[in-house]
Amino acid sequence: MTKIINGRKIAAEFCDSVRDLVTELKARGIIPRIALINASNDLASEIYVSKKEKLAESVGIKSDVYKFSQGTKESEVADLIEKLNADKSVHAILLQSPLIEGLRFRELVNLIAPEKDVDGLTTINQGRLFSGEPGVIPCTPLGVLHLIRTVHEKIAGLHAVVIGRSSIVGRPMTLLLLNANCTVTALHSYSRDLPDICRTADIVVSATGQPKFVEKNFIKPGATVIDVGVTRITEADGTKKIVGDVDFDEVSEVAGAITPVPNGVGPMTVAYLMYNTLKLACCY
Ligand code: NDP
């Protein structure tokens with residue numbers, strides 16, 4: 001029978017252990033603190049930042065939200081990042097994407113001190129992941145790996161296919177699985193024979209943002225399917241809905257284990273933001 005991976009429950013259990021560690025750290029006089037920079041003007045980012053703020057509070061992490069509105073100059077966000085870098089009470093800095101038009105994400109994210117780069121997106125932390133050196137690893141791939149490990153005790157030697165190669169999800173996911181000794185295939189929009197390649201995988205991670213892209217015939221019977229995609233769609237009757245990359249109803253007929261959307265990868269991403277904040281507060 002197909003296992004439905006309950007990301008919400010797994011994330012809640014993981015947050016319990018983060019909360020315990022935060023309590024221990026506080027007893028040593030360290031209050032983990034994250035700065036959430038919201039220089040975005042889309043509703044989804046507003047919701048994500050608010051979720052992050054709430055979860056931080058629930059695990060005992062202090063959070064501060066910095067909101068910028070349309071018309072903000074890049075130098076204003078850069079000045080804030082420099083200020084937060086210099087503030088010893090701040091352990092973690094997150095720059096929520098997408099940014100307001102006119103602000104450059106790569107340039108701004110690279111201003112974050114690598115030891116406060118909670119989502120592991122600076123070129124330095126990405127380079128560390130590339131070379132297999134310790135560093136900060138992006139939250140979503142960490143969450144995905146955690147979910148995979150709830151299904152597979154050992155993943156070394158398994159064939160994992162990652163669809164998507166963005167610097168936030170696909171690329172770090174590919175490297176994380178490679179560093180965990182999987183055989184990894186990275187697929188993208190230029191890949192030929194994509195369904196055939198997917199069908200050879202023990203684990204398929206999809207991060208394309210293309211609704212129902214992964215079909216039943218892409219999946220080897222018994223394979224583990226992790227759906228990172230989050231797309232907001234409007235149904236013919238006007239109802240708004242969040243969907244993933246995977247045709248869940250069809251694919252769950254063949255997969256050994258599968259994540260739903262919502263309540264799959266999403267809660268794990270936020271849980272690992274807390275974990276990374278804790279780690280930065282402990283280790284630097
Ligand atoms: P990007 O748009 O940056 O990247 C999408 C990737 O998918 C690209 O590498 C692109 O290939 C590839 N792709 C697109 N269409 C196809 C196709 N038809 N066949 C093969 N590959 C394709 O998106 P992100 O990586 O930022 O996010 C991906 C999805 O994950 C989104 O839905 C996003 O909302 C979601 N997300 C969810 C999170 C969570 O916590 N659940 C966290 C972060 C993101 P190419 O490079 O060739 O263009």
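Predicted, not measured: the structure shown is a model, and the values here were computed from it.
- Ile163 CD1 to Ile226 CD1: the interatomic distance, rounded to the nearest 0.5 Å, is 12.0 Å.
- Within a 6.0 Å sphere centred on CZ of Arg8, heavy atoms belonging to other residues, nucleotides or ligands number 12 at most.
- Residues Val109 and Thr122 come closest through the heavy atom pair O-CG2, 3.3 Å.
- The closest donor-acceptor contact from the side chain of Arg199 to the backbone of Lys220 lies at 3.5 Å or more, if one exists at all.
- More than 12 heavy atoms of other residues, nucleotides or ligands sit less than 6.0 Å from atom OH of Tyr66.
- For the pair Val161 and Val205, the minimum side-chain heavy-atom distance is 4.5 Å or more.
- Annotation: side chain of Val225 is in contact with side chain of Ile219 (closest heavy-atom distance under 4.5 Å).
- Arg171 contributes atom CZ, which lies 8.5 Å from atom OG of Ser166 (distance to the nearest 0.5 angstrom).
- Without hydrogens or angle criteria, Asp42 side chain to Ser45 main chain gives a donor-acceptor distance under 3.5 Å.
- Between Glu24 and Arg28, no side-chain nitrogen of the basic residue sits less than 4.0 Å from a carboxylate oxygen of the acidic one, so the salt-bridge criterion is not met.
- Residues Ile258 and Ile5 are members of separate hydrophobic clusters, defined by side-chain heavy-atom contacts under 4.5 angstrom among Ile, Leu, Val, Met, Phe, Trp and Tyr.
- Looking at Thr2 and Ser252, their side chains never bring a donor and an acceptor atom within 3.5 Å of each other.
- Listed here is the closest heavy atom pair of Val246 and Asp227: N-OD2, 3.0 Å.
- Judged by distance alone, with hydrogens and angles left aside, the side-chain atoms of Glu115 form no donor-acceptor pair with the main-chain N or O of Leu280 at under 3.5 Å.
- Note on Asp64 versus Arg33: salt bridge recorded, some NZ/NE/NH1/NH2 to OD/OE distance being below 4.0 Å.
- Under a hydrophobic clustering in which Ile, Leu, Val, Met, Phe, Trp and Tyr are joined whenever their side-chain heavy atoms come within less than 4.5 Å, directly or via other members, Leu99 and Val77 fall into the same cluster.
- Side-chain polar atoms of Asp20 and Ser17 form no donor-acceptor pair below 3.5 angstrom.
- Side-chain atoms of Asn276 come within 3.5 Å of backbone atoms of Val118 as a donor-acceptor pair (strictly under, hydrogens ignored).
- In this structure, the side chain of Lys62 does not engage the main chain of Pro32 through any donor-acceptor pair within 3.5 Å.
- Residue Ile233 comes nearest to Pro211 through the heavy atom pair CG2-CG, 4.3 Å, listed as atom of the first residue, atom of the second, then distance.
- Checked by atom type and distance alone, the side chain of Asp202 never pairs as donor or acceptor with a backbone atom of Ala160 at under 3.5 Å.
- In this structure a side-chain-to-backbone donor-acceptor pair under 3.5 Å is missing from His159 to Cys182.
- Ile203 and Ile10 fall within the same hydrophobic cluster, where Ile, Leu, Val, Met, Phe, Trp and Tyr residues are linked whenever their side-chain heavy atoms come under 4.5 Å apart, directly or through other members.
- A donor-acceptor distance shorter than 3.5 angstrom exists from the side chain of Arg19 to the backbone of Ser58, with no hydrogens or angles considered.
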Item checked: Chi angles and distances behind the side-chain contact (heavy atoms from CB on, under 4.5 Å) call for Leu176, Leu129 -> CA-CA 7 Å; Leu176 198 55; Leu129 180 61; 4.3 Å; yes
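- Using a 30° and 60° split on the angle between ring planes, Tyr275 and Tyr272 fall in the perpendicular class, above 60°.
- Of the inter-residue distances, the one linking Leu273 atom CG with Met268 atom CE reads 12.5 Å to the nearest 0.5 angstrom.
- The nearest pair of heavy atoms linking Gly264 to Thr259 is CA-CB, 4.2 Å.
- Under the 3.5 Å distance criterion, the side-chain polar atoms of Asp247 are left unmatched by any main-chain donor or acceptor of Val251.
- Taking the side chain as every heavy atom from C-beta outward, Pro260 and Ile4 approach each other to under 4.5 Å.
- Heavy atoms of other residues, nucleotides or ligands lying less than 6.0 angstrom from CD1 of Ile30 number more than 12.
- Enclosure of atom CD in Glu57 is not indicated, since only 12 or fewer non-hydrogen atoms of other residues, nucleotides or ligands lie within 6.0 angstrom.
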Item checked: Stepwise side-chain hydrogen bond (donor to acceptor under 3.5 Å, both in side chains) check, Thr123 with Arg106 -> CA-CA 9 Å; Thr123 302; Arg106 237 340 64 230; 3.3 Å; yes
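- Within 6.0 Å of the NZ atom in Lys26, the count of heavy atoms belonging to other residues, nucleotides or ligands exceeds 12.
- Rounding to the nearest 0.5 angstrom, the gap separating the OG atom in Ser206 from the CE atom in Met173 is 12.0 Å.
- Annotation for Glu101: atom CD does not count as buried by contact number, only 12 or fewer foreign heavy atoms lying within 6.0 Å.
- At least one side-chain heavy atom of Glu74 sits less than 4.5 Å from a side-chain heavy atom of Glu107.
- In this structure, the separation between CD1 on Ile93 and CG on Asp119 is 12.5 Å, given to the nearest 0.5 Å.
- Environment of CZ in Arg192: sparse, with no more than 12 heavy atoms of neighbouring residues, nucleotides or ligands closer than 6.0 Å.
- At a threshold of 4.5 Å between side-chain heavy atoms, the hydrophobic network of Ile, Leu, Val, Met, Phe, Trp and Tyr places Met274 and Leu145 in one connected group.
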Next item on the list: Applying side-chain contact (heavy atoms from CB on, under 4.5 Å), run through Lys3 and Thr150 and close with a yes or a no.
Entry: CA-CA 11 Å; Lys3 174 181 173 169; Thr150 66; 4.2 Å; yes
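- Applying side-chain contact (heavy atoms from CB on, under 4.5 Å) to Tyr48 and the options Leu36, Val230, Asn38, Thr269 leaves one that passes, Val230.
- Atom OG1 of Thr185 sits about 7.0 Å away from atom CD1 of Ile197, to the nearest 0.5 Å.
- With 3.5 Å as the limit, one finds no donor-acceptor pair spanning the side chains of Gln210 and Asp245.
- In terms of heavy atoms, Lys67 sits closest to Ser40 at NZ-O, 3.0 Å.
- Val270 and Ile137 end up in the same hydrophobic cluster when Ile, Leu, Val, Met, Phe, Trp and Tyr side chains are linked at under 4.5 Å.
- Here the closest non-hydrogen pair linking Phe105 and Ser97 is CE1-CB, 3.7 Å.
- For Thr277 and His91, the side-chain atoms include no donor-acceptor pair closer than 3.5 Å.
- The shortest side-chain heavy-atom distance between Val265 and Leu147 falls under the 4.5 Å cut-off.
- Without hydrogens or angle criteria, Asn125 side chain to Pro114 main chain gives a donor-acceptor distance under 3.5 Å.
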Check: Could you go step by step and tell me if Ile155 and Leu158 meet the side-chain contact (heavy atoms from CB on, under 4.5 Å) rule?
Finding: CA-CA 5 Å; Ile155 61 168; Leu158 295 184; 4.3 Å; yes
